[in-house]
Amino acid sequence: MLDVLIIGAGASGCAVARELSRKKLKIAVLEKNADVCEGTSKANSGIVHAGFDAEPGSLKAKLNVRGSLLMKALSEELDFPYRQNGSLVLCFEERDQVRLEELRERGIQNGVEGLRILGREELLSMEPEIGEKVTAALYAPTGAIVCPFGLTIALAENAAVNGVSFHFQTQVEEIRKTENGYEAITNRGSFSAKAVVNAAGVYADEIHNMVCGSGERIRITPRKGEYLLCDKKAGNLAAHTLFQLPTALGKGVLVTPTVHGNLLLGPTAEDISDKEGVSTTADGLSRVMEKASLSIKSVPGREVITSFAGLRAKGETGDFIIGRVKGAPGFFDVAGMESPGLSCAPAVGEYVAELISDYLKPEDNPGFVSVRKGIPSMALASKQERQRLISENPAYANVICRCEMVTEGEILAAIRRPLGAKTTDGIKRRVRAGMGRCQAGFCTPKVLEILAEELGIGEDQIQKAQEGSYYLLPEEEAENGGMRKQKKPEASRKEGRDSI
Amino acid sequence: MRTDLVIIGGGPAGMAAALSAHEQGAGVLILERDRELGGILNQCIHNGFGLHTFGEELTGPEYADRYVKRVRQAQIPCLYNTIAVDVQGGNPCRITAMNRRQGLFEIEAGAVVLAMGCRERPRGAMNIPGCRPSGIYSAGTAQRLVNMEGRMPGREVVVLGSGDIGLIMARRMSLQGAKVKLVAEIMPYSGGLKRNIVQCLDDFGIPLRLGHTVSEIHGKNRVEAVTLVKVDEALKPIAGTEEYIACDTILLSCGLIPENELSESAGARMDSVTQGPVVNAALETTAEGIFACGNVLHVHDLVDNVSKEAEKAGAFAAAYVKERMAGERREWGQAVRPKLPDKTRSVLPEGRDAGKTLICIGCPVGCLITAQKNSDGSLSISGNTCKKGEEYARNEMTAPRRSVTSFMKVEGGGCRTVSVKTRGGIPKDKIWQCMEEIRTKTVKAPVKVGDVLIADVAGTGVDVTATSNAQEKGEV
C-alpha cells in the first residue's frame, strides 16, 4: 500500500511529488500520457508572474508571490532555465493609467516588491521596440521567465531520484474509498494509497467527482490559448515580458522573450468543451498577431517558426481549488490550476506537502537529495566545458540538431536519465532537438535512429508523443510498397551510424 | 591546424569550390558534417541533373559521384562527420569545428568558403492551423527517410506545395506503394517544372490542385486528414469551398531558405532578398576572407549553376589567399547581388487532350508539342524546338517510355540503400513490374556506380544499374 498517490505529472503534481519526497513516504505518480509535462504544463507562456494580478487574500495571490520567490533558488537547486527579466504591463490610453495604479496597489497588498510606474520615455530606454500607442507601464522587476518543460522535468527527475515511482500511460478510471484510504483503478492495475492528490489538470473535475458527495462536484473548463513562437532572430525585440492592460479589443496578449531566446506571442482565451482540444485556428493566430502589434512596433510575422495551443484548467471560483475535499478524508485537490499555476508550482508543492504531512505525520527522509544536475548543453557551454564533455564522451561532438546545436551526447543523456525520454517530443523538451527554426526537418531521422537503438525497438515503434503518433511504417511494409502484407521478419537493422 | 582555404560543406558547391581552388594551387580542407561527400544530392535519386555541366542527364548521386572522384583524385583532404561550430573572418580566419575523433579544435585559414546549402521551410513558417500530430514531414525529410533509410513515412499522402521537390516526392511515394491523394498549390501556377508535372503527377494520376491550400490539419496523434480549401486572389481561403481529405501523411514543399547560422555568427551582412550574405563581385562576404557560394548564397534552380558559381568562388578565394600572402590587400568594393533564377511558373494548358497535346519531358523547357495522327497512319508533329522533342512525341504516341529511378536495399554495407536507375527508358506499362523487382531484391555491398544490379528488368531488355556507391561496412 502506498502512502500517497498523485494523479497527474504536470508541474503541480511533480512539485508535490518532489516536496513530499523529503519525507519517508511511499509515493507514486500516475500519468495518463507517455511522459511528464504533457498537458497544461507543456503549452503555456512560461512566465513566472510577479504576483500583482491576483485578488489579495486569494490562494492565487499567496502562492504566486511565494512561488515567484522560491523559483529562482529552485532553478539553481534543480538546474533548469530561469531568468528574472522583469515584466511590464503596457497601457495604451492616458485615461487607463489609473488602472496601472490600481494594479500597483494590489501588488503591494500581495507583497510584490519593487513595483513602479514608468512613463513612455523611460520605457523606451528599456524597450526601444515598444508600440507607438504605449503611454505608460507598470514595471515589476521580480517578473521572470522559466522553461516550463525544464521545471516540470527537473521536479519529476528529482522526485524519482528520491524514491517516487512514476507510472506512465496509466489512466485512472475509478476511485474507490477503502478502509484506510483509496484504491484507484486504472488501465494498468489498481493502486491503493492512504492519501490521494488530484493534480489532473483539465481532468481534475473528473477525478474529484469520483470521490466527492453529490453536492460537492466541481467543474473544470478548458480555456484554450493559442500562441506563436518566433525564431531566435526575433528574440531581442523584447527584453521584458510585455503584458497588456485589457483594451477595447478585449483581454490582451503577451509578448515575451523565452529563456531560450525565442520570442513568444499569445495567448488567446477561449472556453471550449474538448479537454484535448489543442488545435490552433487561423482566426486565433491572426488575433494574436494583431494584438501583439500593439505591444511592439513590428511583429516579426516572417520569423514565426511554430504555433501551438494549450489549455488552462479553469475552475468556477476564480481561485485555485487546493486542499482537502469535503467528505473525503485524505483526498486532496490541486485543481483549477489556471494562470498563474506555473509560477505557483514551487509554492503549491510546499503547501500541499504540508497539508499531507499534517495528515500522515511522516518522518523526514534522511536520504533526500535536494540537488539535481541538468543535461549539459553544448550550445551554451564554454570552450573548456565543450572540450571536457567531448573528452568524456565523443558523442558530444556529433551534432544532431543543427538549428539548436544539440549533440548525440545530449540526446543519449536525455534517454538514459531517470524518467528518460522515450519519444521524440520527450527528446525535444529535454534537450531542444527539433525546437529550432527547421522544426525537426533535419534531425528527425537521426533522432529516430538513436531512440530506436537505445530503447531496443524498431524505428517504426518510436512515437512523437502518445501511442499512435508513429513516424514510420513497419520496415516490411516499405519493402512491400506500402501494402499491408505478411513478410519475413526483418533481418539485421541498423547499419552505419557513424560508420567511419 | 592551419591551411590556405577551408571549405564548409562537401555538397556540390563545396566540392566545386574545393576543386577550382586546388587547381589554383591553394591548400584546401573540406569540412563535411555527413559521413560522405555529396550533400543533399545523395538523397536526390531522381534524374535531371548535369545537362549543362556534363551534357547528359544524371541522377543526384551520379552528379555528386563525378565530383567526389575528382576530389579524391586531387587528394583534397576532407574531415567527415565534422561540424563547423563557429567561423570568424580576419587574417587569418578562424574556424572552430568538432568531431568524434579530434574533439573540439580550431583551424586557421587564409580564407573560408561557406557552402552549407539550404533548408526547407517548416510548417510553422506557413502557419497552418490545426492539430500537431506526427505525420507532417518536409518533402526533403521524407526523401531522406525513403531514399536513404529505405523507410516509408505513411500510406496516404497529401503534398502541399508544387515545387519540384514536392512533385518528385509525389512520384517517389507513389512508386513505393503509397497513395498520393493530391498536390495542393496555393498559387494559380506550379512552382515546379512542366516536365515534372507530367512525369511525376500525370503519369500517376495525381491531381494538381492549383489555387488550393491546406487550411487545417486534423488528427490528435497521427495525421488523419486535412481540410483543403480554395483561395481567392489575395490567397485567402474562400469559405464554403472546404474539402475534407483523409490522409495519414502531409509532405510540405513550400520553399527553401539558405542556411546561414555560420554566416550570421561570423558577422557577415545579410541580404533580405536573397536571404544569403551580401557579396562583392568576387563572392566575398563582408566578413574578411569569408566567401560564399551555392544555396547558402541564394537558392539556385539547377545544381549545374551551383557548381559554376562555386568554381568561381573557389578561384577567387584561392587568389585572395595568394594576394594576402604577398602582403597585398584589395578594397572590398561594391556589393553585387547574384542573379536570382527566374521563378518557375508552370501551368499546363487547361482541357488539354493528352492524346494530342504533349508536354515534352526531355529537358526543363517543357515544350508544348502537338501530335496529329494522319489518315495514312503517319504522325505530324509540331511545336517541338529540338530533335529530342520530336522523338519524344513519336514515342509517346506509339510506345511511351520512362526511366525509373529508385533505390535498392543493401546488405553488409555502411549504408542501408543504394540508388539505382533503369539504363534508359522502359515501356511505361512496365513501371510497376520493374518497381516490384527493384523493391524486393536486396544487393550485397560493395556496389559501385554503374554496376548492373538487375539485368533485363521486367523483361524489358533494360538493365537496372547503381547510381551510388555502397561500401562494405566499416570501410572508409
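Source: prediction; values computed, not measured. Chain A is the first sequence line, chain B the second, and so forth, proteins listed ahead of strands; every chain is numbered from 1.
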Can you tell which part of [X] gets under 4.5 Å to a heavy atom of chain A, answering side chain, backbone, both or neither?
| X | answer |
| --- | --- |
| S174(B) | neither |
| I217(B) | neither |
| E411(B) | neither |
| F105(B) | neither |
| E106(B) | side chain |
| P133(B) | backbone |
| D34(B) | neither |
| Q102(B) | neither |
| R121(B) | neither |
| R132(B) | both |

Taking only Lys NZ, Arg NE, NH1 and NH2, and the carboxylate oxygens of Asp or Glu, determine whether E261(B) and R402(A) approach each other closer than 4.0 Å.
->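 Looking at E261(B) and R402(A), the cut-off is not met.
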
Is it the case that R222(B) places NZ or CZ above or below the six-membered ring of Y470(A), under 6.0 angstrom from the centre and within 45 degrees of the axis?
->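 Yes, a cation-pi geometry.
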
Examine distances only and state if a side-chain atom of R119(B) and a backbone atom of C438(A) form a donor-acceptor pair shorter than 3.5 Å.
->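 Not at all, since once roles are kept as given, no pair shorter than 3.5 Å links the two residues.
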
How many angstroms lie between CG in N127(B) and OG1 in T306(A), if you round to the nearest 0.5 Å?
->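 Taking CG in N127(B) and OG1 in T306(A), the distance rounds to 8.5 Å.
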
For the residue pair V85(B) and M378(A), establish whether any side-chain heavy-atom pair is separated by less than 4.5 Å.
->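 When only atoms from C-beta onward are counted, M378(A) and V85(B) do not touch, as no gap falls below 4.5 Å.
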
